[in-house]
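Notes follow the structure.
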Amino acid sequence: MKIAVEKGQEKTILADGRQQVTITDIQEGTSEHKGIPFFAVRFENEDGYISHRFYQSSAGMPAIIGLFEQVGIEAKEGQELDTKQLLGKQLTIEVGERSYTDPETQNERTLKQAVNFLAS
């Protein structure tokens, strides 16, 4: 079997801690469990990458607004934010792990994710 390696796939997951990154890709989808819309952001630098989902829910909006504001895009009431505006933006993130209980299996899962979005 031959397996093609596409651009960016040769990179590893970023190490924990502060990382200066560029937003290189955005994918849209809906959550597997409750059908909540999300966009997944790929944060990347020369050392690796991390992907993070931003859920469009009342609980997820502070993180979405924080991300836009940290890259210099102001969020105002009544305005629509376009995720395409994030592509190519640079910022500092904190990479770490978060554990939660999977609602379907009740098993504990641990994710490596980006948190604490800081202006670069």
Side-chain angles (χ1 to χ4, degrees):
M1 169 177 17
K2 294 182 181 182
I3 300 171
V5 178
E6 295 177 18
K7 183 181 179 198
Q9 291 179 328
E10 76 283 2
K11 293 193 172 189
T12 61
I13 302 292
L14 286 170
D16 288 354
R18 270 191 181 191
Q19 299 283 347
Q20 175 76 27
V21 295
T22 301
I23 296 173
T24 59
D25 189 47
I26 296 175
Q27 299 291 319
E28 297 177 359
T30 54
S31 67
E32 298 83 357
H33 183 64
K34 293 186 177 182
I36 298 170
F38 71 82
F39 62 97
V41 175
R42 181 178 171 112
F43 298 102
E44 191 170 342
N45 65 23
E46 61 280 348
D47 297 324
Y49 76 96
I50 189 94
S51 292
H52 183 88
R53 286 184 178 183
F54 291 85
Y55 289 94
Q56 191 176 341
S57 66
S58 56
M61 284 308 293
I64 292 171
I65 290 169
L67 174 63
F68 275 86
E69 289 183 344
Q70 292 306 322
V71 298
I73 301 169
E74 188 176 357
K76 294 181 182 177
E77 184 178 341
Q79 170 187 5
E80 286 190 352
L81 299 169
D82 185 349
T83 57
K84 291 182 179 110
Q85 293 176 288
L86 297 169
L87 288 170
K89 299 289 187 182
Q90 295 184 343
L91 69 156
T92 301
I93 61 171
E94 189 83 25
V95 176
E97 292 184 348
R98 176 180 70 90
S99 296
Y100 70 98
T101 302
D102 184 307
E104 289 185 16
T105 64
Q106 300 305 310
N107 293 330
E108 185 171 308
R109 293 186 62 193
T110 300
L111 297 176
K112 192 161 200 168
Q113 66 179 17
V115 294
N116 299 333
F117 311 103
L118 309 167
S120 328

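Nothing fancy with the numbering, it's 1 onward along the sequence.
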Gap separating the [atom1] atom of [X] from the [atom2] atom of [Y], nearest 0.5 angstrom:
X	Y	atom1	atom2	value
E28	Q56	CD	CD	9.0 Å
L14	S51	CG	OG	9.5 Å
T24	F43	OG1	CZ	9.5 Å
D25	L87	CG	CG	7.0 Å
I23	L86	CD1	CG	4.5 Å

**Request:** Considering only NZ, NE, NH1 and NH2 on the basic side and carboxylate oxygens on the acidic side, decide whether K89 and E69 come within less than 4.0 Å.
**Result:**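 The answer is no: the pair does not qualify as a salt bridge.
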Got a donor-acceptor contact below 3.5 angstrom from the [X] side chain to the [Y] backbone?
X	Y	value
H52	A114	yes
Q79	K76	yes
Q85	L81	no
T30	G35	no

**Message:** Same cluster or not: I65 versus Y55, using hydrophobic residues (I, L, V, M, F, W, Y) connected whenever any side-chain heavy atoms lie under 4.5 Å apart?
**Reply:**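 Per the 4.5 Å side-chain linkage, I65 and Y55 are not co-clustered.
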**Item:** Co-membership, hydrophobic cluster, residues I36 and L67, 4.5 Å side-chain
**Value:**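 Different clusters.
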**Candidate pair I64 and F39, rule side-chain contact (heavy atoms from CB on, under 4.5 Å), full reasoning** = CA-CA 10 Å; I64 292 171; F39 62 97; 3.9 Å; yes
**Request:** Check whether the side chains of N45 and Q19 place a donor and an acceptor atom closer than 3.5 Å, and report yes or no.
**Result:**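 Side-chain D/A pair, N45 to Q19: present.
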**Prompt:** So, E44 and T22: side-chain donor and acceptor under 3.5 Å apart, yes or no?
**Reply:**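 Per modelled atom types, E44 and T22 side chains form no pair under 3.5 Å.
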**Item:** Nearest heavy-atom neighbours spanning V71 and Q90
**Value:**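 Taking V71 first and Q90 second, the nearest heavy atoms are CG1-O, 4.2 Å.
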**Message:** For a quick test of reading the model, state the closest non-hydrogen atom pair linking E46 to K11 and the distance between them.
**Reply:**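 Where E46 meets K11 most closely, the heavy atoms are CA-NZ, 4.0 Å.
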**Prompt:** Is the number of heavy atoms from other residues, nucleotides or ligands under 6.0 Å of E97 CD greater than 12?
**Reply:**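 Above 12, so yes.
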**Message:** With a 6.0 Å cut-off on the ring centroids, do F38 and F54 count as close?
**Reply:**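 Between F54 and F38, which both carry aromatic rings, the centre distance is not below 6.0 Å.
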